[in-house]
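Keep in mind that the numbers below use all heavy atoms, side chains included, and drop hydrogens, waters and symmetry copies.
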Amino acid sequence: MDLTHAVLSFAVLGALLTITPGLDTALVLRAAVTMGRGPAFGTALGVGAGALLWGAAAAVGVSALLTASTVAYTVLRLAGAAYMVFLGVRMVRAVFARSGADDRAELAEPVAPTGWSTFAKGLFTNLLNPKVGAFYIAVLPQFVPPDANPLGVGLLLALVHDLEGLAWFSLIIFGARAARGFLARRSVRRTVDAGTGTVLIGFGLRLGLSSS
C-alpha cells in the first residue's frame, strides 16, 4: 500500500466515523443553536485541535504509553468522565432554572461565551477522552506504509481526519443557521440544551464506569 492509497483509504474510514452521531457533534450543534455561529466554530475548532493533538500523540507513541499504563489511563479516564458529567449537569440545571421564563425571551448564557471559552470546551472534551487516543493508536498504524516515516504519515492522517471533522461541523453550523427561525424558539433551544447535557452525562458515566 503506497501513501496515496493509505491516505484515501483512511479518509473513507475517517469520513464514516466523522458523520456518526456522537459527543463532538452534539457539542457543536448545541453551540450553534444556543450561542450562534461564532461560538459554534470555536467549539468545532477546539474539538479539531484536540483530535489533532491525539493524532500527534499517537504518532509519537504517547497514546501507546497510556494504553500500556493502567494507572495513567485510569486517571485520564476518570478526569474525562468527571469533566463530561460536570458540563452535562450544568446544562441540564440551567434548563430547569430558566423553565419559567418567557418562551420568546433570549436564552442567555450565565457568562457571555467567547471564542476562547468555546474553543477550550471543545478542546478539553476531546483531550480528556482517552478513547480518542486509543482509536488513533489502534487505527493509524494500519495505514502507515512499511517504507514511510511513521511520525510524518501519522500526522498527515490525523490532519485528514481533522479536516473532515471541520467540514462536517461547518455543514452542521450553517444548517443550524439556515433554520435559525425555528431554532431560535426558546423551547427548542432548551430541548437541545437538555439533550446535549443528557448525552454528556451519559458519555461521562459510561466512560467513568468502563474498565477499558
Side-chain angles (χ1 to χ4, degrees), residues 1-29 31-32 37 40-77 79-80 84 115 118-176 199 203 206-207 210-212:
M1 179 171 60
D2 59 21
L3 181 59
T4 300
H5 184 247
V7 171
L8 291 176
S9 299
F10 181 81
V12 172
L13 175 61
L16 292 174
L17 292 173
T18 296
I19 64 176
T20 301
L23 177 60
D24 294 344
T25 298
L27 282 177
V28 173
L29 178 60
R37 188 165 56 186
F41 273 112
T43 303
L45 289 173
V47 169
L52 190 60
L53 288 174
W54 268 123
V60 298
V62 174
S63 291
L65 176 63
L66 282 174
T67 303
S69 172
T70 302
V71 174
Y73 182 87
T74 299
V75 169
L76 185 59
R77 176 171 58 81
M84 291 179 194
T118 53
F119 177 88
K121 182 178 293 185
L123 175 67
F124 286 111
T125 298
N126 236 356
L127 287 183
L128 290 173
N129 187 355
K131 302 278 187 178
V132 178
F135 161 77
Y136 275 117
I137 199 63
V139 172
L140 285 185
Q142 313 304 320
F143 292 89
V144 178
D147 56 345
N149 182 316
L151 175 58
V153 175
L155 289 174
L156 175 61
L157 295 178
L159 180 60
V160 168
H161 192 204
D162 204 41
L163 292 175
E164 288 177 331
L166 290 176
W168 172 244
F169 292 147
S170 296
L171 288 175
I172 292 174
I173 293 168
F174 284 113
V199 169
F203 268 91
R206 186 173 69 177
L207 181 62
S210 66
S211 57
S212 61

For Leu163, all residues meeting side-chain contact (heavy atoms from CB on, under 4.5 Å), sequence neighbours excluded: Leu159
For Phe124, enumerate each residue passing the ring pair (Phe, Tyr, Trp, His ring centres under 6.0 Å) test, keeping only those at least two apart in sequence or located in another chain. none
Supply the atom-to-atom distance Leu156 CG to Phe143 CZ, rounded to the nearest 0.5 angstrom. 13.0 Å
Do Phe169 and Asp24 have side-chain heavy atoms sitting under 4.5 Å apart? yes
Val28 side chain near Ile173 side chain, heavy-atom distance below 4.5 Å: yes
Between Ala49 and Phe119 the two heavy atoms that sit nearest each other are CB-CZ, 3.8 Å
Within the 4.5 Å heavy-atom criterion, are Thr18 and His161 side-chain neighbours or not? yes
Would you indicate whether the side-chain heavy atoms of Asn126 and Leu53 approach each other to under 4.5 Å? no
Reported CG-to-CG distance for the pair Leu128 and Leu123, which is rounded to 0.5 angstrom: 8.5 Å
Using side-chain heavy atoms (C-beta onward) and a distance below 4.5 Å, is Leu157 in contact with Val7? yes
Considering non-hydrogen atoms only, spot the tightest contact between Gly48 and Asp162 and give its length. O-OD1, 2.5 Å
Atom CG of Leu52 and atom CG of Leu45: how far apart are they, to the nearest 0.5 Å? 11.5 Å
Nearest heavy-atom contact between Ala40 and Ala31 is CA-CB, 3.7 Å
When every non-hydrogen atom of Phe41 is compared with those of Ser170, the smallest separation belongs to CE2-OG, 3.5 Å
